[in-house]
Every structure is written in C-alpha cells, then in structure tokens.
Undergrad: 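Questions regarding the structure given below will be posed in turn.
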Amino acid sequence: MSDEERIKLEPSWKGHIGDYLQRPDMRALSEFLRTEKRAGRVIYPPGPEIFNAFSHTPFEAVRVVILGQDPYHGAGQAHGLCFSVRPGVPSPPSLVNIFKEIERDLGLPFPDHGCLTPWADRGVLLLNAVLTVEHSLAASHQGKGWEGFTDAAIDALNREREGIVFMLWGSYAQRKGQLIDTRRHAVLKSVHPSPLSAHRGFLGCGHFSAANRYLQANGQAPIDWSLPPRAALGAA
C-alpha cells in the first residue's frame, strides 16, 4: 500500500475540511511531496502520520488547540503532533519548558518521556501550521500549501464550535490565530516556550490552569495534563 493510500483524513474532519484537499494548491503540494520522495529526500513525519493530530482528536472532541509551526526535523522525532516526540526520544528544549510550566502551574510530576499522544486523545488538538519537513532542514516545507489547509481547520473550529481554548505561543502562532472569535472561544497568548524566549513570560503564564478554569466555567470537563509513565505507553 502506498503512502498516498494510507493517508486518510479522520472522518469527522473530512466532513468539515475534506473538500480543501481537492483544491489545486493541495494537489500541487501532494505532487511536491511525491517529487521530493522520488528525489531521495527524507520527509518527516512518515506519510501515515502526517494527519496524526486530526486522527487522535476528532472535530467534535477538540477542547483545546495548541498551535506549533512545523515538525521536528531530526530522525525519529516527529510523529504528527506539535511539540511531541516519540517515546524514548529526548524531549526537545521547548517541550521541557512546557513540562516545567505544567509542573509549576499544576504541580504535576515531570514526565519521563515527551510523547503527548495522551493529550491528543483527551481533546487537545496538537496542530502544526506546516505538516511536513525535510530531514535537517527546518521550515523547508513552509509556503508549499500546508498553511492554507491548517488555516481551514482553525477556521472550521472557530465558526462551527464554541468554547474552545486556543493556546497561541509566540508571534507565528498568534498571527495564525488572529481570526479566532474571542466572544466564542478563549485565546491564551504568550511568548514561545523555546529557551530563547520562555523566560520572558511563558514560564509563569498559567495557561494550563487557565484553560481548565475556562472549560469548567463553560460546562466542560477539564483537561488531564498528566502523562502516564513511558512504560505504560506501549507503541503510542
């Protein structure tokens, strides 16, 4: 089975934004990816995991959205969820700072891995603006068409859902989220959690407790931000 056959958009998302995949710019993006692979370039994440964020968090299940920029470009890191890495892969510095803030904000123990799949399964859409990248070349697939597709996903949530918490960390995420209706949703803004900026306001932002307060005030269950030990994840 080819990658193209295995890449399936989760049904509820397909019902809201599936038509976007038929646009000429998305067809051009698909051809670009095929050409890159034929040329021997290594693309992350693997084809079947490109739409992992949608697969783990169906449209009606989304309670929180965290926006990233593009996938990690090191071998074995990216698996389709922003900021997340596979079990056993060292947590990148930005993710370490996210865990530091959760520990400070909620008193949760520091996890022994960086796999955020449990969050995605609990209603946290971990969405990168760009869904693919070339090995060792950060931002190499920006401007190829992914941004319009992920904008369509955010726009659908903004228009068709209510009471979602959008966490926008850094200027890139804040620009991407500028059309979110703050009368219908909560928008939490901070600097990016990278080591270059986290000390300027991310550490201490309290976004995780704030998200749960908002959800509960709107009749929703809070997010369980804890992560199980690595040994319990299996092949997550």
Side-chain angles (χ1 to χ4, degrees), residues 10-13 15-17 52-68 80-84 91 94-129 150-151 153-170 173-174 176-193 198 200-229 232-233 236:
E10 190 276 333
S12 67
W13 282 101
H16 291 277
I17 59 174
N52 240 6
F54 303 101
S55 299
H56 282 278
T57 317
F59 187 84
E60 296 298 337
V62 176
R63 291 186 285 155
V64 174
V65 177
I66 297 178
L67 285 178
L81 305 176
C82 75
F83 291 107
S84 181
S91 296
S94 292
L95 183 54
V96 169
N97 283 331
I98 290 170
F99 290 153
K100 285 181 180 177
E101 176 55 19
I102 289 175
E103 184 178 49
R104 186 208 65 79
D105 188 20
L106 301 175
L108 294 174
F110 216 86
D112 64 352
H113 62 88
C115 179
L116 305 182
T117 300
W119 290 2
D121 292 336
R122 296 169 190 159
V124 182
L125 181 66
L126 297 167
L127 184 64
N128 276 316
T150 52
D151 277 350
I154 294 168
D155 182 58
L157 289 171
N158 177 58
R159 288 184 294 102
E160 300 173 40
R161 293 282 313 282
E162 286 191 22
I164 293 174
V165 180
F166 290 84
M167 294 184 176
L168 308 181
W169 301 334
Q174 289 168 24
K176 192 169 181 68
Q178 63 187 353
L179 297 180
I180 298 165
D181 186 346
T182 55
R183 295 166 299 181
R184 295 165 59 89
H185 306 283
V187 176
L188 305 178
K189 297 181 181 180
S190 171
V191 297
H192 195 274
R200 299 203 308 266
F202 179 80
L203 297 173
C205 69
H207 279 185
F208 302 95
S209 60
N212 281 352
R213 286 193 299 273
Y214 177 85
L215 292 171
Q216 289 177 295
N218 284 272
Q220 301 184 64
I223 298 291
D224 175 5
W225 293 104
S226 67
L227 290 172
L233 288 176

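Here, residue 1 is the first one in the sequence, and each next residue gets the next number.
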Undergrad: Would you compute the distance between atom CD of Glu101 and atom CG of Leu106 and round it to the nearest 0.5 angstrom?
TA: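 It is 8.0 Å, given to the nearest 0.5 Å.
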
Undergrad: Tell me the closest heavy-atom pair linking Pro222 and Leu215, and the distance in Å.
TA: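 Result for this residue pair: CA-CD1, 4.4 Å.
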
Undergrad: So, does Gln216 use its side chain to make a donor-acceptor pair with the main chain of Ala221 at under 3.5 Å?
TA: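 Not a single qualifying donor-acceptor pair exists.
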
Undergrad: Would a 4.5 Å heavy-atom cut-off, applied to side chains only, mark Lys176 and Asp151 as touching?
TA: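 Lys176 reaches Asp151 side chain to side chain.
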
Undergrad: Any heavy-atom pair between the side chains of Leu188 and Tyr214 that's under 4.5 Å?
TA: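 No, too far: nothing below the 4.5 Å cut-off.
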
Undergrad: Would you say Asp224 and Trp119 make side-chain contact, with heavy atoms under 4.5 Å?
TA: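 Side-chain contact under 4.5 Å: no.
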
Undergrad: Is there a side-chain contact between Phe166 and Lys189 (heavy atoms, below 4.5 Å)?
TA: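 No. Closest side-chain heavy atoms not under 4.5 Å.
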
Undergrad: Does Gln220 reach the main-chain N or O of Ile164 with its side chain, forming a donor-acceptor pair under 3.5 Å?
TA: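 Answer holds: no.
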
Undergrad: Do Phe54 and Val62 come close enough that some side-chain heavy atom pair is under 4.5 Å?
TA: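 Not in contact.
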
Undergrad: What pair of heavy atoms forms the shortest contact from Arg104 to Gly206, and how long is it?
TA: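 In this case the closest contact between Arg104 and Gly206 is NH2-N, 3.6 Å.
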
Undergrad: Dump the intermediate steps for side chain to side chain contact (heavy atoms under 4.5 Å, CB included) on Ile98 and Phe208, then the final yes or no.
TA: CA-CA 10 Å; Ile98 290 170; Phe208 302 95; 3.9 Å; yes

Undergrad: Where is the tightest heavy-atom contact between Ser91 and Gly114, given as atom of each residue plus distance?
TA: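 In terms of heavy atoms, the two residues are closest at OG-CA, 3.4 Å.
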
Undergrad: Would you find a donor on one side and an acceptor on the other, under 3.5 Å apart, between the side chain of Ser12 and the backbone of Phe59?
TA: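 Yes, the answer is positive, given that a donor and an acceptor are paired below the 3.5 Å cut-off.
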
Undergrad: Asp105 side chain to Ser209 main-chain N or O, any donor-acceptor pair under 3.5 Å?
TA: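 Yes: the side chain of Asp105 pairs with the backbone of Ser209.
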
Undergrad: Mind running side chain to side chain contact (heavy atoms under 4.5 Å, CB included) on Leu67 and Leu168 for me, showing each step along the way?
TA: CA-CA 6 Å; Leu67 285 178; Leu168 308 181; 3.4 Å; yes

Undergrad: Is there a donor-acceptor pair under 3.5 Å between the side chain of Arg63 and the backbone N or O of Val124?
TA: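 Not a single qualifying donor-acceptor pair exists.
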
Undergrad: Heavy atoms only: give me the nearest Pro118-Leu233 pair and the separation to one decimal.
TA: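 Nearest heavy atoms, Pro118 then Leu233: CG-CD2, 3.9 Å.
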
Undergrad: Take Ser226 and Arg122, measure what side chain to side chain contact (heavy atoms under 4.5 Å, CB included) needs, and give me the verdict at the end.
TA: CA-CA 11 Å; Ser226 67; Arg122 296 169 190 159; 4.3 Å; yes

Undergrad: Sequence neighbours left out, what passes side-chain hydrogen bond (donor to acceptor under 3.5 Å, both in side chains) with His192? Give chain and number order.
TA: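 By the side-chain hydrogen bond (donor to acceptor under 3.5 Å, both in side chains) rule, His192 matches no residue at all.
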
Undergrad: Is the centre of the Phe99 ring less than 6.0 Å from the centre of the Trp225 ring?
TA: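 Ring centres of Trp225 and Phe99 not closer than 6.0 Å.
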
Undergrad: Could you tell me whether a side-chain N or O of Asn97 sits under 3.5 Å from a main-chain N or O of Pro193, the two making a donor and an acceptor?
TA: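 Judged by distance alone, yes, a pair lies under 3.5 Å.
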
Undergrad: Side chain to side chain contact (heavy atoms under 4.5 Å, CB included) between Ile223 and Asn212: does it pass, once the steps are laid out?
TA: CA-CA 6 Å; Ile223 298 291; Asn212 281 352; 3.6 Å; yes

Undergrad: Given side chains that start at C-beta, do those of Leu157 and Ile180 come closer than 4.5 Å, heavy atoms only?
TA: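 Heavy-atom side-chain distance check fails, nothing below 4.5 Å.
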
Undergrad: Check whether any side-chain heavy atom of Asp155 sits under 4.5 Å from a side-chain heavy atom of Leu179, and report yes or no.
TA: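 Heavy-atom side-chain distance check fails, nothing below 4.5 Å.
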
Undergrad: Among Val64, Val65, Leu116, Thr57, whose side-chain contact (heavy atoms from CB on, under 4.5 Å) with Leu126 holds?
TA: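 Among Val64, Val65, Leu116, Thr57, the one that satisfies the side-chain contact (heavy atoms from CB on, under 4.5 Å) with Leu126 is Leu116.
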
Undergrad: Below 4.5 Å, heavy atoms only, C-beta onward: do Ile66 and Cys82 meet side chain to side chain?
TA: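 Yes, close enough: below the 4.5 Å cut-off.
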
Undergrad: Take Trp169 and His207, measure what side-chain hydrogen bond (donor to acceptor under 3.5 Å, both in side chains) needs, and give me the verdict at the end.
TA: CA-CA 10 Å; Trp169 301 334; His207 279 185; 3.0 Å; yes

Undergrad: Do the side chain of His113 and the main chain of Pro228 share a donor and acceptor less than 3.5 angstrom apart?
TA: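 It does hold such a pair.
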
Undergrad: Whether Glu103 and Lys100 form a salt bridge (side-chain N of Lys/Arg under 4.0 Å from carboxylate O of Asp/Glu) is what I want to check.
TA: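 The answer is no: the pair does not qualify as a salt bridge.
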
Undergrad: How many angstroms lie between atom CG of Leu127 and atom CG of Asn52, to the nearest 0.5 angstrom?
TA: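 The distance works out to 12.0 Å.
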
Undergrad: His16 pairs by side-chain hydrogen bond (donor to acceptor under 3.5 Å, both in side chains) with which of Glu160, Arg159, Arg161?
TA: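 Going through the options one by one, the only one that passes is Glu160.
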
